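Take a look at the structure set out below.
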Number of protein chains: 2
Amino acid sequence: MSNQTDPIAELINLLAVLPGVGRKTATRFVYFILKQDAEYVKDLAAALVELKEQVGFCAHCCDLTRESPCRICGDERRDHQTICVVQSPQDVLAIEATGEFRGLYHVLHGILSPLEGKGPDDIKLAELLARLSNGVEEVIVATNPSVEGEATALYIKKLLVPLGVKVSRIASGLPMGSHLEFADKVTLGRSIADRRVL
Amino acid sequence: MSNQTDPIAELINLLAVLPGVGRKTATRFVYFILKQDAEYVKDLAAALVELKEQVGFCAHCCDLTRESPCRICGDERRDHQTICVVQSPQDVLAIEATGEFRGLYHVLHGILSPLEGKGPDDIKLAELLARLSNGVEEVIVATNPSVEGEATALYIKKLLVPLGVKVSRIASGLPMGSHLEFADKVTLGRSIADRRVL
């Protein structure tokens, strides 16, 4: 960094590229950070450096992690016969927060999207196939319920069913606490088609 | 930082305290940062450290700056007879961006607010008074057009008029491009009361 650069302007420029953050929000961040004690700023700078230096892919699930195998893949108490396939590391956190899943994950780091030129070789599908030899019984495809997410799920099904692996898909339907009258047609239709016996 | 701390969780915790940022947004930031090149992360960490180490108050206007006097106070081409009083350093940036003001600033770092226990000694009023000996002719009070902002403007007027300084207030009225029918009553009333001759 040049000695001439104003540190306030410099930090605003760097923060303004964060997702959903423009120059106004970045400016708010900078003046907020200026009000914090030196400890906070030191920790923040250190955590950034540490993040980039220490975090990489887990050799098994491709999640971003400091150690490989990651905490989840290395946990013997988890169900190693079930793998939940997700698009991104954030999705692992989201599912873990539910406490409903005790199996392993596989992070695709993307989704099949012909429009964006993303094919099977651009996401971590080969890595998923390589894991199936270790007695995996079920693969739950938890890609987003979007056009690309559904297509990716079908692609994975075609790939894995011939190998004798059960492939399932997370349920789509009305969110808890929502109202039928405000639901979109596709969601409501899906919730009727996928009804379960009580 | 303990060696046991996960750098992702650590950085999420630190970013989640930024204004308007919760855990979800902080998580998005972290995964965005993970995708950036090492250069960006190094610059960001360095800018943070530099910010805290180098930025302090300007001895004249109390703005946050790396050098004192700050770039504005040290600029001989600016009008040193006119001081624009603002609540926060962000307001200086906002007014500078208009290109309409060529005088100096004074940053109060707050506003009179009896409800929050903020009195004249809690904002940089003494520092403003100390600057008036240097031939200042006009003080423009650019605090926000809120109850506290108006009260602070009146307080400053009472303080400065006996010293022979002209005190003015930024105009309130309808924002450019807005519609009368949607304006609130107070703003519309003010725009009529403060009408100017064409």
Side-chain angles (χ1 to χ4, degrees), chain A residues 1 3-15 17-21 23-57 63-67 70-71 88-94 97 109, chain B residues 1 3-15 17-21 23-57 63-67 70-71 88-94 97 109:
Chain A
M1 237 170 304
N3 208 33
Q4 291 306 305
T5 326
D6 174 25
I8 294 180
E10 169 79 12
L11 191 55
I12 290 174
N13 287 340
L14 288 165
L15 292 175
V17 303
L18 290 174
V21 174
R23 294 195 61 79
K24 281 203 175 176
T25 306
T27 307
R28 276 181 74 204
F29 288 172
V30 169
Y31 285 109
F32 174 87
I33 289 166
L34 274 167
K35 281 192 204 146
Q36 304 310 300
D37 52 23
E39 187 69 14
Y40 170 82
V41 180
K42 218 187 63 199
D43 282 355
L44 188 55
L48 282 163
V49 172
E50 221 174 303
L51 181 79
K52 202 64 187 177
E53 277 174 0
Q54 300 188 359
V55 173
F57 290 135
D63 196 4
L64 292 169
T65 170
R66 190 166 57 159
E67 62 257 298
C70 70
R71 210 168 33 79
S88 74
Q90 289 96 308
D91 298 333
V92 173
L93 297 184
H109 289 280
Chain B
M1 240 170 300
N3 208 34
Q4 289 306 304
T5 326
D6 173 27
I8 295 179
E10 170 79 11
L11 191 57
I12 291 174
N13 287 339
L14 288 164
L15 293 174
V17 304
L18 291 173
V21 174
R23 295 194 61 80
K24 282 202 174 175
T25 307
T27 306
R28 274 180 75 203
F29 288 173
V30 169
Y31 286 110
F32 174 87
I33 290 166
L34 274 168
K35 280 190 206 147
Q36 305 310 300
D37 54 22
E39 189 69 16
Y40 171 80
V41 180
K42 217 187 65 200
D43 282 356
L44 187 55
L48 281 162
V49 171
E50 219 174 305
L51 181 80
K52 201 64 186 177
E53 276 174 1
Q54 300 188 358
V55 173
F57 291 134
D63 195 4
L64 291 169
T65 171
R66 191 165 59 158
E67 61 258 300
C70 69
R71 208 169 32 81
S88 74
Q90 288 97 310
D91 299 334
V92 173
L93 297 184
H109 289 281

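In what follows, every chain begins at residue 1, and chains take the letters A, B, ... in the order their sequences are listed. Note that the coordinates shown come from a computational prediction; the quantities given were computed from them, not determined experimentally.
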At their closest point, which heavy atom of [X] faces which heavy atom of [Y], and how far apart are they?
X: Pro19(B); Y: Phe29(A); value: O-CE2, 3.3 Å
X: Leu64(B); Y: Ile8(A); value: O-CD1, 3.8 Å
X: Gln54(A); Y: Pro7(B); value: OE1-CG, 3.8 Å

Once rounded to the nearest 0.5 Å, what's the spacing between atom [atom1] of [X] and atom [atom2] of [Y]?
X: Glu10(A); Y: Asp43(B); atom1: CD; atom2: CG; answer: 6.0 Å
X: Gln36(B); Y: Leu18(A); atom1: CD; atom2: CG; answer: 8.0 Å
X: Leu48(A); Y: Leu15(B); atom1: CG; atom2: CG; answer: 7.0 Å

Close side-chain approach of Leu51(A) to Ile33(B), heavy-atom, < 4.5 Å: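 Answer yes - side chains close enough.
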
A side-chain contact here means heavy atoms from C-beta on lying under 4.5 Å apart; do Tyr31(A) and Ser88(B) qualify?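 No, too far: nothing below the 4.5 Å cut-off.
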
Got a donor-acceptor contact below 3.5 angstrom from the Lys52(B) side chain to the Tyr40(A) backbone?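 Pair absent, no side-chain N/O of Lys52(B) close to backbone of Tyr40(A).
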
Which one of Val17(A), Val49(A), Thr25(A), Thr27(A) has the most heavy-atom pairs closer than 4.5 Å to chain B?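 If we count pairs closer than 4.5 Å to chain B, Val17(A) comes out on top.
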
What part of Val21(A) is in contact with chain B, defined as an atom under 4.5 angstrom from a non-hydrogen atom: side chain, backbone, both or neither?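 Answer is side chain: those atoms of Val21(A) sit under 4.5 Å from chain B.
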
